[in-house]
Amino acid sequence: YDEGLDVLERTIVGALGLDYPNFTVWVLDDGKRDWLRDFCGKKNVKYVRREGNEHAKAGNINNALPLVGGPFVAIFDADFVPFRNFIFRTLGFFDNPRVGCVQTPQHFFNKDPIQLNLGIDRVWPDEQRLFFHTIMPSLDAWGCAFCCGSCVMLRHSMLMELGGFPTGSVTEDMLLTLMMVRRGYRTLYLDEHLSAGLAPESLHAF
């Protein structure tokens, strides 16, 4: 929505570097930025903008889903860069037709402000490690791992069946998880470091 080229270029170029024979990179711009449209044209990636900003991220994704086609969709927030092997490591799980999503952990290439402020960046992990390395594997063992909205691979037909991401909550990813499980889809968690993101470095960024 409001990221600069210093953030977006890294993500777009990283997505273009995915190691897979057939995929398309889509940039969903809810900020209606002409410079981003032009940049996407130069990089030969698909660019989508919509008239309004209803339902924020969920609405932005839902607007693009009918355009995307393809059997699977990987979603990355604007500040997350996939590693080259992301598709190869996640796609095989969808051989089971009841798998709706494969979520991977979120790692960051910079230290978060709490770690830096307290001088504990070398001895204390960021808060996401508890969630992604303890809670999420436990949820996966119970068959109810969450879709976390980024660094995730989803079945496109399942999303269309559910009407896209739900818009009745600001945590649309968690609500989507409940909808998937209710419809009999499996949500899986693959605890492999397959992307890198930018942790907010200030209160304003957070």
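For Glu161, the side chain to side chain donor-acceptor pair (under 3.5 Å) test picks out Arg183, Tyr185, with sequence neighbours left out. Checked against ring-ring contact (aromatic ring centres under 6.0 Å, His included), Phe80 has the following partners two or more places apart in sequence or in another chain: Phe108. Residues that satisfy the ring-ring contact (aromatic ring centres under 6.0 Å, His included) test with Phe83, not counting sequence neighbours, are His193. Partners of Asp191 according to the side chain to side chain donor-acceptor pair (under 3.5 Å) rule, which considers only residues two or more places apart in sequence or in another chain, are His133, Tyr189. Under the side chain to side chain donor-acceptor pair (under 3.5 Å) criterion, Arg186 pairs with no residue at all, not counting sequence neighbours. Under the ring-ring contact (aromatic ring centres under 6.0 Å, His included) criterion, Phe93 pairs with no residue at all, not counting sequence neighbours. The salt bridge (charged side-chain N to carboxylate O under 4.0 Å, His left out) search around Arg50 returns Asp30, not counting sequence neighbours. Residues passing the ring-ring contact (aromatic ring centres under 6.0 Å, His included) test with Tyr20 are Phe88, sequence neighbours excluded. For the side chain to side chain contact (heavy atoms under 4.5 Å, CB included) test, residues two or more places apart in sequence or in another chain that qualify with Ser169 are Thr171, Leu175.
Placement of Leu28 and Leu8 in two distinct hydrophobic clusters is found when ILVMFWY residues are connected by side-chain heavy-atom separations under 4.5 Å, directly or transitively. Cluster annotation: Val45 is not connected to Val48 through the hydrophobic network of ILVMFWY side chains, with a link wherever side-chain heavy atoms come within less than 4.5 Å. A continuous path of Ile, Leu, Val, Met, Phe, Trp and Tyr side chains, each step under 4.5 Å between heavy atoms, connects Phe94 with Phe86, placing both in one hydrophobic cluster. Hydrophobic clustering (side-chain heavy atoms under 4.5 Å, transitive across Ile, Leu, Val, Met, Phe, Trp, Tyr) keeps Met179 apart from Val102. Note on Trp142: it does not cluster hydrophobically with Leu178, by side-chain heavy-atom contacts below 4.5 Å among ILVMFWY residues.
A salt bridge does not link Arg10 to Glu3: none of the charged side-chain nitrogens sits closer than 4.0 Å to a carboxylate oxygen.
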Contacts table for residues 68-79: side-chain donor-acceptor under 3.5 angstrom, sequence neighbours left out:
residue: Asp77; atom: OD1; partner: Lys57; partner atom: NZ; Å: 2.7

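Here the side chains of Cys147 and Thr187 are not in contact, with every heavy-atom distance at 4.5 Å or above. The side-chain heavy atoms of Tyr1 and Asn53, taken from C-beta on, include a pair separated by under 4.5 Å.
For the atom pair Leu65 CG and Phe165 CZ, the distance stands at 7.5 Å (nearest 0.5 Å). If you take CG on Leu190 and CE on Met136, they are separated by 10.5 Å, rounding to the nearest 0.5 Å. Rounding to the nearest 0.5 Å gives a distance of 11.5 Å between CZ of Arg84 and CG of Leu16. With rounding to the nearest 0.5 angstrom, the CG atom of Leu188 is 12.5 Å from the CG atom of Leu139.
When every heavy atom of Gln103 is checked against every heavy atom of Ser150, the shortest pair comes out as NE2-O, 2.8 Å. Shown here for Cys40 and Ile12, the closest heavy-atom pair between the two residues is SG-CD1, 4.3 Å. Looking at every heavy atom in both residues, Val152 comes nearest to Gly149 through CG1-C, 4.1 Å. Of all heavy-atom pairs spanning Pro82 and Ala15, the tightest one is CG-CA, 3.9 Å. Smallest separation of non-hydrogen atoms from Arg155 and Asn96: NH2-O, 2.9 Å.
No donor-acceptor pair under 3.5 Å is formed between the side chain of Glu9 and the backbone N or O of Val7. With Thr104 contributing its side chain and Cys151 its backbone, the two residues share a donor-acceptor pair below 3.5 Å. Without hydrogens or angle criteria, Asp19 side chain to Asn85 main chain gives no donor-acceptor distance under 3.5 Å. Between the Asp29 side chain and the Arg37 main chain, no donor and acceptor come within less than 3.5 Å of each other.
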Let's go through Gln106 and Phe132 carefully: what are the C-alpha distance in whole Å and the side-chain angles of both, what is the deciding distance for side chain to side chain contact (heavy atoms under 4.5 Å, CB included) to 0.1 Å, and is it a yes or a no? CA-CA 7 Å; Gln106 297 177 6; Phe132 282 111; 3.6 Å; yes
Between Leu154 and Leu176, is a side chain to side chain contact (heavy atoms under 4.5 Å, CB included) present by the stated rule, with each step listed? CA-CA 11 Å; Leu154 297 134; Leu176 177 67; 4.0 Å; yes
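Listed by first and then second residue, the salt bridge (Lys or Arg N to Asp or Glu O under 4.0 Å) pairs that reach into residues 86-100 are Arg89-Glu192, sequence neighbours excluded. Applying the ring pair (Phe, Tyr, Trp, His ring centres under 6.0 Å) definition to pairs two or more places apart or across chains, none involves residues 26-50.
The number of heavy-atom neighbours closer than 6.0 Å to CG of Asn44, taken from other residues, nucleotides and ligands shown, is 12 or below. Counting non-hydrogen atoms of other residues, nucleotides and ligands closer than 6.0 Å to NZ of Lys46 gives a total of 12 or fewer.
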